[in-house]
Number of protein chains: 2
Amino acid sequence: MGSDIRRSMPLFPIGTVMQLADLTARQIRYYEEHGLVSPARTEGNRRLFSLNDIDKLLEIKDLLEQGVNMAGIKRILGDGTKDEAEKRAKKPDLSESDLKKLLKQEMMGNGKYSKNNLRAGDLSRFFR
Amino acid sequence: MGSDIRRSMPLFPIGTVMQLADLTARQIRYYEEHGLVSPARTEGNRRLFSLNDIDKLLEIKDLLEQGVNMAGIKRILGDGTKDEAEKRAKKPDLSESDLKKLLKQEMMGNGKYSKNNLRAGDLSRFFR
DNA sequence: TTATTATGTAAGAAAACCTCACACGTAGTT
DNA sequence: AACTACGTGTGAGGTTTTCTTACATAATAA
């Protein structure tokens, strides 16, 4: 549908995203570094995030809080590439060993996080 | 409804608004100076606009393009005050003379504007 | 002509953001 | 215990963006 372009429109600077997702700039840049999000850039090289980006950041946060590490999140959410075709192609689902590792980690979920501003998926219903 | 708080949430820096509404920073600040919009501010005094603010800016732009001047726009849209009660109280509708002036101006609509990124009201359906 | 209106533009300062780079706590490994 | 890897904190130094203030200008109104 056409709302995809709206949801993928680069609108928010990192400061706004920090507040909306309750993440530090360091965290957000780190996730980008790992290819999980690929915010657009202004002419002056400032990051501009879309609603989709923010949704993804919330999912990342969620998974991290559940004990999943970067590698696991990459397998689950895929990289920030917009190429859907490639995304499908490169989806050999989790391997046995990967799955075991993930389950092992989720098993021992640590509860060291608390004040969430937004939960994953919330942004889907954020506007209108 | 509850989406009011979402639509009035301060999210966008002036740069983003400039692009969305196709207005210069000067214009936006000028309209604020006249009390037509009242964007929130960051701790560091940067303006943060809400979706409602942007909608209003688009309406202002629209009216200006139709030849209505600031005074007229103030009467039509009211100031940026969130006080709805006051807004209703101070609505003696347009006076005869005001109306005549406005109509006269709208009559001779000048067509010196062209590349609109968004039209007034568009943002209402912008998300989701 | 002169005043007003809406906008352009420039200067100087401050906030926000950028990219490194290094530090640190925790957890797992040797 | 010592070492390593991971996710994040923090600081330095630099660039971009935004801020206020002030003056200029084209078009309209008086």
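Order of the sequence lines fixes the chain letters, A, B, ..., with proteins taken first and strands second; residue numbering starts at 1 for each chain. Owing to the predicted nature of the structure, the values given are computational and were not obtained by experimental measurement.
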query: Does A/R46 make a side-chain donor-acceptor contact with the base of C/dC17, cut-off 3.5 Å?
result: yes

- prompt: Taking CE from B/M18 and P from D/dC19, how many angstroms apart are they, rounded to a whole number?
  reply: 10 Å

query: For B/I60 and C/dA6, what is the distance between atoms CD1 and P respectively, to the nearest whole Å?
result: 11 Å

- request: Could you state the atom-to-atom distance from CD of B/E65 to C1' of C/dA6 in whole Å?
  value: 13 Å

field: Nucleotide nearest A/Y30 when distance is taken to its side chain, options D/dT8, C/dC18, C/dG8
entry: D/dT8

- prompt: Any side-chain heavy atom of B/R47 sitting closer than 4.5 Å to one from B/R29?
  reply: yes

- request: Starting at atom CD of B/Q27, determine the distance to atom C1' of C/dT5, rounded to an integer number of angstrom.
  value: 13 Å

task: Would you check if the side chain of A/K61 reaches a backbone N or O of A/A21 as a donor-acceptor pair within less than 3.5 Å?
output: yes

- request: Among D/dT20, D/dG7, C/dA6, find the nucleotide with the atom closest to the side chain of A/H34.
  value: D/dG7

- request: Could you please name the option among C/dA15, D/dT20, C/dC18 that lies closest to any side-chain atom of B/R29?
  value: D/dT20

- prompt: Is B/T42 near enough to C/dA15 that one of its side-chain N or O atoms lies under 4.0 angstrom from OP1 or OP2?
  reply: no

query: Is the shortest heavy-atom distance from the side chain of B/Y31 to the side chain of B/L64 under 4.5 Å?
result: yes

- prompt: Can you check the A/R41 CZ to D/dT16 C1' distance for me, whole Å?
  reply: 13 Å

query: Can you tell me how far C1' of C/dC18 sits from CD of A/E43, to the nearest Å?
result: 16 Å

- prompt: Is B/L36 close to B/M70 at the side-chain level, that is, under 4.5 Å between some pair of heavy atoms?
  reply: yes

- request: Can you tell me the distance, in whole Å, between the CG atom of B/L36 and the P atom of C/dA6?
  value: 10 Å

task: Over all heavy atoms of both residues, which pair between A/L20 and A/I54 is shortest? Give the atoms and the distance, please.
output: CD1-CD1, 3.9 Å

task: Consider the side chain of B/R26, meaning its heavy atoms from C-beta on, and name the nucleotide among C/dT19, C/dA14, C/dT9 that approaches it most closely.
output: C/dT9

task: Starting at atom CD1 of B/I28, determine the distance to atom P of C/dA6, rounded to an integer number of angstrom.
output: 16 Å

task: Ignoring backbone atoms, establish whether B/N45 has a side-chain N or O less than 4.0 Å from OP1 or OP2 of D/dT18.
output: no

task: Compare side-chain N and O positions of B/Y31 against OP1 and OP2 of C/dA6 and report whether any pair is under 4.0 Å apart.
output: no

